[in-house]
Amino acid sequence: MTKSTNQSWGGRFSEPTDAFVERFTASVDFDQRLAHHDIQGSIAHATMLARVGVLTDAERDAIVAGLDEIDDEIRRGEFPWSVKLEDVHMNIEARLTDKIGITGKKLHTGRSRNDQVATDIRLFLRDEIDIVAAELARLREGLIELADREAETIMPGFTHLQTAQPVTFGHHLLAWQEMLARDHERLLDCRKRVNVMPLGAAALAGTTYPIDRHVTAELLGFERPAENSLDAVSDRDFAIEFTSFASLLLMHMSRMSEELVLWTSAQFDFIDLPDRFCTGSSIMPQKKNPDVPELVRGKSGRVYGHLMGLLTLMKSQPLAYNKDNQEDKEPLFDTLDTVKDCLKAFADMVPAIEAKADSMREAARKGFSTATDLADYLVRKGVAFRDAHEIVGESVAFGIRETKDLSEMTLDELRQFSEVIEADVFEVLTLEGSVAARNHIGGTAPDQVRAAASRARDALKALR
């Protein structure tokens, strides 16, 4: 091998890599983000090699000390990254050899960059999942507390974005919480499949050295070593699965964002967001724009794109490792950054939402939101539901003509549609009566909202 060829694989080559190809194929500009986890994996690998007698204790100690020094250099921003060394692995290994001599070259015994990078990504993603889970829990806590606080605040519930039935604001917030609870479970379930160790699979077929993969897995906190060496180096399902989780999460947060944007508008005027989460207009001085939810809504498409990119990246790859897999990191990294930023923004913002109870209640009075309650009342009086439905429809038509809500009609006006209607009908036509009547698990009654909030708190604690 000449000095002009790559030190990790140049022995077979007679000329150096083209300068453009060198830059085109290098990944160090982005995979240096894996440096700390690469060093963790290398320390565990060296420790295992010493236990099985491939390295001496002195060689292991020199390698570990050198890697610790390199980790400190990287943390201080003093590490000399080089694109000529292609990736994070070779940059660290070359620096280690500079520091401790030929012993540094022994570190790569019994492994390949194929199983090394697969291990690095899993170690990195496992730690990042724990960060995401903590932020998701913080957002859920904020939603639960706000829902408890607003358990009696009445607002209109919608289908087709048309007034349907009265609900409580707390009940609506807990619907968001249910979405996030499913996301949280998916995330923790994904972590189980991330927490499998590829190291020891080497390039694709394992290694002839007497390694003990269970030792390495234990040192790195993995649940177990991967079962099949071919699959271990080529699998990126875990990255796709995380990005799928992220896409579902951002879809839910986008739906939440859409409602927040609507609710802050003058046309709805249901809530107020603190100024620190909004911006103004350069030309219209009255504007207060809900930029945080708008951006979260927009970033959902970014994450969807990364999911489609990763699926497309893997769809035609034969076993085992292919250079294509270098393209897995940037979409995964950006997905993680996007998810963490969106969660932080919402976890900070949601507890500070101020409900405009009077505006919500006034909106709930419009659109005949207690019509279903009147139908249920008629059924309890012995009227068949289909007939009750017809009667209430006629009552609503009358109300539209007379510009009266059902609760504003006189008893005589209501009785013209059915003689079974009596004075007690007004108990079910009020907004408070409508909401309170839905007093079952999953219902919108204030007591049920508080009980649901309590159960949600307990479930959240159980996940930790």
Side-chain angles (χ1 to χ4, degrees), residues 147-176 178 259 262-263 267-271 355-455:
D148 209 355
R149 194 164 72 236
E150 302 294 344
E152 297 189 21
T153 303
I154 293 175
M155 67 177 291
F158 299 94
T159 62
H160 308 276
L161 206 56
Q162 305 296 312
T163 299
Q165 294 176 284
V167 298
T168 57
F169 187 39
H171 190 60
H172 195 113
L173 293 170
L174 288 180
W176 290 357
E178 287 295 305
E259 292 188 315
L262 286 172
W263 293 348
Q267 289 70 28
F268 276 78
D269 196 34
F270 284 2
I271 64 168
K356 297 185 175 182
D358 291 342
S359 294
M360 287 185 176
R361 194 180 191 289
E362 182 60 28
R365 289 183 63 252
K366 301 174 183 177
F368 303 94
S369 63
T370 58
T372 303
D373 298 276
L374 178 56
D376 291 342
Y377 170 88
L378 291 170
V379 170
R380 288 194 296 272
K381 293 286 187 177
V383 179
F385 181 79
R386 287 301 171 199
D387 292 335
H389 191 287
E390 181 71 16
I391 291 168
V392 176
E394 292 172 355
S395 303
V396 168
F398 174 81
I400 292 172
R401 291 194 302 272
E402 299 296 321
T403 63
K404 284 186 175 182
D405 184 66
L406 293 172
S407 62
E408 296 172 331
M409 296 180 190
T410 66
L411 180 59
D412 287 340
E413 286 173 328
L414 288 169
R415 284 178 60 83
Q416 67 181 302
F417 304 106
S418 175
E419 294 182 355
V420 304
I421 296 176
E422 300 174 358
D424 61 349
V425 71
F426 294 105
E427 295 174 12
V428 304
L429 294 183
T430 63
L431 296 176
E432 288 76 12
S434 174
V435 167
R438 288 160 174 79
N439 193 23
H440 53 77
I441 187 168
T444 190
D447 288 346
Q448 292 298 330
V449 172
R450 294 188 183 96
S454 178
R455 290 192 298 271

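For residues 395-416, the pairs satisfying ring-ring contact (aromatic ring centres under 6.0 Å, His included) are F398-F417, with sequence neighbours left out. Within the structure, the salt bridge (Lys or Arg N to Asp or Glu O under 4.0 Å) test picks out the following pairs touching residues 151-173 (sequence neighbours left out): E152-R450. Each side-chain hydrogen bond (donor to acceptor under 3.5 Å, both in side chains) pair with one or both residues in residues 394-406, not counting sequence neighbours, appears once here: K404-E413, D405-S407.
In this structure, W263 and H172 have perpendicular ring planes: the angle between them is above 60°, well past the 30° mark.
Across every non-hydrogen atom of F268 and L262, the tightest pair is CB-O, 3.2 Å. For the pair G399 and F368, the tightest heavy-atom approach, listed with the atom from each and the gap, is C-CZ, 3.7 Å. Across all their heavy atoms, A453 and L174 have their closest contact at N-CD1, 3.9 Å.
Note that CG of L429 and CG of L406 are 6.0 Å apart. Values are rounded to the nearest 0.5 Å. Remark: I391 CD1 to L374 CG distance equals 8.5 Å, nearest 0.5 Å. Atom-to-atom distance recorded for F270:CZ and T153:OG1 is 12.0 Å, nearest 0.5 angstrom. Rounded to the nearest 0.5 angstrom, I271 CD1 and E150 CD are separated by 10.5 Å.
The side chain to side chain donor-acceptor pair (under 3.5 Å) search around S369 returns none, not counting sequence neighbours. For E259, there are no salt bridge (charged side-chain N to carboxylate O under 4.0 Å, His left out) partners two or more places apart in sequence or in a different chain. Shown here are the side chain to side chain donor-acceptor pair (under 3.5 Å) partners of S359, two or more places apart in sequence or in another chain: D269.
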Sequence neighbours left out, cut at 3.5 Å: what donor-acceptor pairs do the side chains of residues 431-441 make with other protein atoms?
| residue | atom | partner | partner atom | Å |
| --- | --- | --- | --- | --- |
| E432 | OE1 | R361 | NH2 | 2.9 |
| E432 | OE2 | R361 | NE | 3.0 |
| E432 | OE2 | R361 | NH2 | 2.7 |
| S434 | OG | D373 | OD1 | 3.2 |
| S434 | OG | D373 | OD2 | 2.8 |
| S434 | OG | R438 | NH1 | 3.2 |
| R438 | NH1 | D373 | OD1 | 2.8 |
| R438 | NH1 | S434 | O | 2.8 |
| R438 | NH2 | D373 | OD1 | 3.4 |
| N439 | OD1 | Q448 | NE2 | 3.2 |

Return all side-chain donor-acceptor pairs below 3.5 angstrom for residues 161-171, not counting sequence neighbours, or 'none' if the list is empty.
| residue | atom | partner | partner atom | Å |
| --- | --- | --- | --- | --- |
| T168 | OG1 | H171 | N | 3.2 |
| T168 | OG1 | T444 | O | 3.2 |
| T168 | OG1 | T444 | OG1 | 3.2 |
| H171 | ND1 | G443 | O | 3.3 |

Side-chain donor-acceptor pairs of residues 375-389 under 3.5 Å, sequence neighbours excluded:
| residue | atom | partner | partner atom | Å |
| --- | --- | --- | --- | --- |
| Y377 | OH | E422 | N | 3.0 |
| Y377 | OH | D424 | OD1 | 2.5 |
| K381 | NZ | E422 | OE1 | 3.4 |

